[in-house]
There are 2 protein chains.
Amino acid sequence: MPSPSSSPAAATETDATETDASTARATGARPSPARERILETAFALFYARGIRAVGVDLIIAESGVAKATFYKHFPAKDDLVLAYLDKVDGVWSGQLHAAAQAAGPAPADQLVGLFDALQNACRRDGYRGCGFINAAAESQPGTPVHERTVAHKASVLSWVEDLARRAGARDATTLARSLTLLLDGGLASGTLDAAPEAPRAAKEAAGALVAASLA
Amino acid sequence: MPSPSSSPAAATETDATETDASTARATGARPSPARERILETAFALFYARGIRAVGVDLIIAESGVAKATFYKHFPAKDDLVLAYLDKVDGVWSGQLHAAAQAAGPAPADQLVGLFDALQNACRRDGYRGCGFINAAAESQPGTPVHERTVAHKASVLSWVEDLARRAGARDATTLARSLTLLLDGGLASGTLDAAPEAPRAAKEAAGALVAASLA
DNA sequence: AACGTAGCAGACAGATCTGTCTACTGCCAA
DNA sequence: TTGGCAGTAGACAGATCTGTCTGCTACGTT
């Protein structure tokens with residue numbers, strides 16, 4: 001049984017404070033140890049087993065909280081799911097930005113460097129793809145959960161597009177689209193093939209596309 | 001309520017005969033009208049709403065079959081799920097091959113042309129991504145359902161790799177990997193963005209990667 | 001004419017899942 | 001000291017889901 005902090009997105013940032021603050025900001029709920037324990041547990045379980053596959057009873061038992069407490073913080077399971085997705089978004093975006101920055105100051109390098117985040121994610125054990133894509137597969141278009149996924153992907157796309165524009169790409173929109181396609185493909189198929197070739201190929205292809213777009 | 005034949009993969013081929021035969025071959029079960037009705041219904045419902053979200057009771061009601069008949073043909077729900085995945089595999093592989101062939105006899109053209117299948121798939125309404133990726137998101141690694149997904153992706157990859165080799169690519173393995181990444185990315189994000197830009201960008205990127213790999 | 005097979009109809013058992021409700025325990029602040 | 005708040009413990013209702021079982025009909029074959 002993996003500890004919560006060793007889960008898909010072991011945050012390198014200071015967990016408690018940062019996460020508390022951003023969660024509170026996003027959801028309007030004030031932080032509390034019990035709430036945080038629930039969210040942490042849900043984060044690990046939802047990601048590892050899927051959302052529908054994990055019942056609230058399990059989360060309650062695993063997080064050592066009373067049922068009434070659970071429903072006080074999250075009036076319905078869906079509210080917890082949304083909070084979970086916000087957490088996934090925060091962690092994954094953080095890793096993406098960090099990987100990009102680590103590649104240096106040039107936007108063109110950052111466009112390629114961001115793929116290191118993919119490689120790191122795939123390497124982690126217990127890796128089970130993109131939490132958002134998985135959530136979307138379990139939800140219907142039009143539901144809050146699904147919309148949250150759409151919003152996340154749109155935000156990543158616009159960030160990459162901005163990078164592409166600053167890199168001076170000929171067609172920043174298309175380049176950004178292609179790169180996120182590569183990223184999503186790596187994310188989606190990372191579960192299906194333990195080999196590290198996929199993320200490597202993704203980065204290589206990204207390099208070729210970026211280069212071709214600048215030439 | 002969509003008719004079964006208007007579902008994700010409206011097969012252009014002659015349905016009854018071809019599908020019956022291939023299903024029987026794959027699963028070892030003899031065909032029967034009731035069985036086919038069940039499978040057809042499951043195909044539409046599983047794809048549209050997700051596997052866990054659809055109960056056997058609904059499939060039974062929708063396909064107008066008795067419960068005992070259902071369980072005679074599919075002793076457990078998982079058996080139906082597996083048959084469903086085989087059907088998805090058959091249809092999608094068929095579309096992929098058809099799109100590739102339509103691009104002409106040259107393997108290099110086929111590598112790019114196969115992306116038309118993606119475009120067509122995304123355009124269909126009720127499109128909800130790749131049945132396999134969705135199924136994988138709902139299943140645990142190691143289960144038959146998950147393994148079936150892995151096998152499907154591996155078979156697509158090896159087909160593309162063969163094409164790449166015959167096209168004379170410098171590094172056929174990596175090129176194939178990149179192209180399937182692009183394909184999976186398009187498949188996964190097609191649900192999240194109705195715009196037809198994604199498949200277009202995928203094909204464009206594929207063209208660039210193939211060209212670069214032959215130069 | 002008898003029989004086996006495929007199918008229909010629906011009750012039933014048992015598990016599981018979400019969400020509500022009651023009752024009790026500490027703790028802190030007015 | 002009293003009242004409010006966060007939390008614990010767990011019973012309970014109602015829905016839903018998988019899988020079993022009993023009985024019946026219809027048809028084609030021998």
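Here is how names work: the chains are called A, B, and so on, in the same order as the sequence lines, proteins then strands, and each is numbered from 1.
- Of the candidates B:Leu157, B:Leu182, B:Val160, B:Arg177 forms a side-chain contact (heavy atoms from CB on, under 4.5 Å) with just one, namely B:Leu157.
- Using a 4.0 Å cut-off, no side-chain N or O of A:Thr69 falls inside it from OP1 or OP2 of D:dA6.
- Between D:dA6 and A:Ser32, no contact under 4.0 Å exists linking OP1 or OP2 to a side-chain N or O.
- In this structure, B:Glu36 atom CD and C:dG7 atom P are separated by 11 Å, rounded to whole Å.
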Pairs under 3.5 angstrom, nitrogen or oxygen only, protein versus nucleotides 15-20 of chain C, please.
unit_1	atom_1	unit_2	atom_2	d
C:dT18	OP1	A:Lys77	NZ	2.9
C:dT18	OP2	A:Val56	N	2.7
C:dG19	OP2	A:Lys77	N	3.0
C:dG19	N7	A:Lys67	NZ	3.3
C:dG19	O6	A:Lys67	NZ	2.4

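- Taking only side-chain nitrogens and oxygens, A:His73 never comes nearer than 4.0 Å to OP1 or OP2 of D:dA6.
- Rounding to whole angstrom units, CD1 of residue B:Ile60 and C1' of D:dC21 are separated by 14 Å.
- Between B:Phe132 and B:Leu85, some side-chain heavy-atom pair lies under the 4.5 Å cut-off.
- In terms of heavy-atom proximity, B:Leu96 sits nearest to B:Ala117 at CD1-CB, 3.7 Å.
- Residues A:Leu175 and A:Leu111 have side chains in contact (heavy-atom distance under 4.5 Å, counting atoms from C-beta outward).
- In this structure, the NZ atom of A:Lys72 is 14 Å from the P atom of D:dG4, given to the nearest Å.
- Checking C:dC8, D:dG7, D:dT8 against every side-chain atom of A:Arg37, the shortest atom distance belongs to D:dT8.
- Side-chain N or O atoms of A:Arg52 include none that pairs as donor or acceptor with a backbone N or O of A:Ser139 at under 3.5 Å.
- In this structure B:Phe46 satisfies the ring pair (Phe, Tyr, Trp, His ring centres under 6.0 Å) test together with B:Tyr84, sequence neighbours excluded.
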